[in-house]
Amino acid sequence: MVRDRKIITDDQVVKRANAAIRLELEKRKARNQPIAVFDRETQKVCMQASDGTIIESKDRLRRGRYSERKRNRT
C-alpha cells in the first residue's frame, strides 16, 4: 500500500508557527487582553496592555537544572 504523504519542511513549520503566534497576538489586541512579554534586559516578565502600557509583574523564576532539583528533594 502506497501512501501519498506530503512532508513539510522545517522552514514551512517555522512559518506556520510564526503565523499562528502573529494571529494570536492580533486577536488579543482586538479583545483588549494583556500580553505577557519577557524583558531580556531586566529579566522580568511584564504585562503589555493593548494600548501599549507595560506593567512589571514578576521576576524570572530561577530553579536550576532539573537534575539538581531532583537531587535536593531526596
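Owing to the predicted nature of the structure, the values given are computational and were not obtained by experimental measurement.
Separation of atoms NZ (Lys44) and CG (Asp39) is listed at 9.5 Å; rounding is to 0.5 Å. A distance of 11.0 Å separates NZ in Lys15 from CZ in Arg22, rounded to the nearest 0.5 Å. If you take CZ on Arg28 and OG on Ser50, they are separated by 11.5 Å, rounding to the nearest 0.5 Å. For the atom pair OG1 of Thr42 and CD of Glu56, the computed distance is 5.5 Å after rounding to the nearest 0.5 Å.
With hydrophobic clusters built from ILVMFWY side chains whose heavy atoms lie under 4.5 angstrom apart, Val14 does not share a cluster with Ile21. Put simply, Phe38 and Leu25 are part of two different groups of oily side chains (I, L, V, M, F, W, Y) that touch within less than 4.5 Å, one to the next.
The closest side-chain donor-acceptor pair between Thr53 and Asp51 falls under 3.5 angstrom.
Without hydrogens or angle criteria, Gln12 side chain to Thr9 main chain gives a donor-acceptor distance under 3.5 Å.
Ion pairing of Lys27 with Glu24 is present here, as a side-chain N (NZ or NE/NH1/NH2) and a carboxylate O approach within less than 4.0 Å.
Listed here is the closest heavy atom pair of Met47 and Pro34: CE-CB, 3.7 Å.
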